**Q** 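Take this structure first; my questions come after.
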Amino acid sequence: MTRLANIDFSADSLLVARQLIGVTLLIDGVGGLIVETEAYDQSDPASHTYAGRTPRNASMFGPPAHAYVYRSYGMHWCMNFVCREPGHGAGVLIRALEPTQGLELMRERRGLDKLELLCAGPGRLAQALGITRALDGQALDAPPFQLLPGPPEPVELLIGPRIGISKAAHELWRFGLKGSKFLSKGFT
DNA sequence: TCGCCGATGTTCT
DNA sequence: GAACATCGGCGAT
């Protein structure tokens with residue numbers, strides 16, 4: 001069992017994706033509250049791991065509570081947290097944060113002042129937190145990562161279909177923090 | 001406010 | 001050669 005921030009990362013990615021809402025993610029002290037996630041699994045046609053292991057997705061088949069970082073559309077970085085036991089190819093895409101720590105550094109990296117747009121999307125939050133391939137395969141319980149538990153009482157969740165995919169697009173595997181102004185897109 | 005489009009690396013057909 | 005877990009700029013509404 002791999003437990004971090006009161007979450008069992010050896011569990012199913014759907015469960016981990018729900019539990020991550022409200023957790024604080026910091027990289028070198030910069031980041032904020034996770035407000036939006038999506039679950040992926042090897043049995044899922046939309047997942048990078050559906051067709052098996054490749055050099056790109058190798059860390060998704062590694063130990064849980066590690067990072068999987070990949071390049072999206074040739075120009076952005078996106079980050080997943082690996083779930084389940086090694087070999088399952090499951091993970092959770094971190095899609096949006098409410099910025100709380102290191103605001104000035106994030107504004108500088110993004111070239112943007114507006115707080116609501118600093119981390120509203122997987123590519124945007126990667127840029128704001130300085131995420132690159134250098135973090136691929138890194139453990140989440142060691143520097144530069146910090147995961148801090150969310151509130152003890154359960155948060156109110158929004159649930160909807162995942163964004164930007166064409167396969168398995170009907171699955172309701174996207175989760176958000178109800179009432180948050182920092183989501184990448186609204187839940188309808 | 002909405003929708004189209006181009007940028008551009010990696011993987012798959 | 002096409003598709004892609006995206007984003008920002010542009011023009012039309």
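In what follows, every chain begins at residue 1, and chains take the letters A, B, ... in the order their sequences are listed. Keep in mind that the numbers below use all heavy atoms, side chains included, and drop hydrogens, waters and symmetry copies. Bear in mind the structure is a predicted one, so any value in this text is a computation, not a measurement.
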**Q** Just to be sure I follow the notation: if a pair is Watson-Crick (purine N1 to pyrimidine N3 plus N6-O4 or O6-N4) or a G-U wobble (N1-O2 and O6-N3), each under 3.5 Å, what dot-bracket string does DNA chain B give, with | for pairs to another strand?
**A** |||||||.||||.
**Q** Which residue pairs pass the side chain to side chain donor-acceptor pair (under 3.5 Å) test with at least one member in residues 179-188 of chain A, sequence neighbours excluded?
**A** A:E36-A:S184, A:R95-A:S184
**Q** Could you pull out all donor-acceptor pairs under 3.5 Å where a side-chain atom in residues 25-34 of chain A meets a protein atom, sequence neighbours excluded?
**A**
none

**Q** With A:Q127, which residues qualify under side-chain hydrogen bond (donor to acceptor under 3.5 Å, both in side chains), at least two apart?
**A** A:R110
**Q** Say we look at B:dT10 and C:dG8: how far apart would their C1' atoms be, to the nearest angstrom?
**A** 22 Å
**Q** At what distance, to the nearest 0.5 angstrom, does CG of A:D113 lie from CD of A:E104?
**A** 7.5 Å
**Q** Heavy-atom count around A:E108 CD within 6.0 Å, excluding the residue itself: above 12?
**A** no
**Q** Under 3.5 Å, which N/O atoms of the protein pair with N/O atoms of nucleotides 10-13 of chain B?
**A**
{"unit_1": "B:dT11", "atom_1": "OP1", "unit_2": "A:R56", "atom_2": "N", "d": "3.1"}

**Q** For C:dC4, does either OP1 or OP2 sit under 4.0 Å from a side-chain N or O belonging to A:S166?
**A** yes
**Q** Side-chain donor-acceptor pair under 3.5 Å between A:T49 and A:N57, yes or no?
**A** no
**Q** Contact class for A:M79 vs. all strands (heavy atom < 4.0 Å): base, sugar-phosphate, or nothing?
**A** nothing
**Q** Reading nucleotides 6-13 of chain C 5' to 3', which nucleotides get B (base under 4.0 Å from a protein heavy atom), which S (sugar-phosphate only), which -?
**A** BSS-----
**Q** Take A:Q146 and A:T24 through the test side chain to side chain contact (heavy atoms under 4.5 Å, CB included) and record every step on the way to the result.
**A** CA-CA 8 Å; A:Q146 269 182 280; A:T24 293; over 6 Å; no
**Q** Sort out for me which residue in A:I7, A:T37, A:L147 forms a side chain to side chain contact (heavy atoms under 4.5 Å, CB included) with A:F81.
**A** A:L147
**Q** If I take atom OG from residue A:S13 and atom CG from residue A:L93, how far apart are they, to the nearest 0.5 angstrom?
**A** 11.5 Å
**Q** Between the side chain of A:R162 and the main-chain N/O of A:R174, is any donor-acceptor distance below 3.5 Å?
**A** no
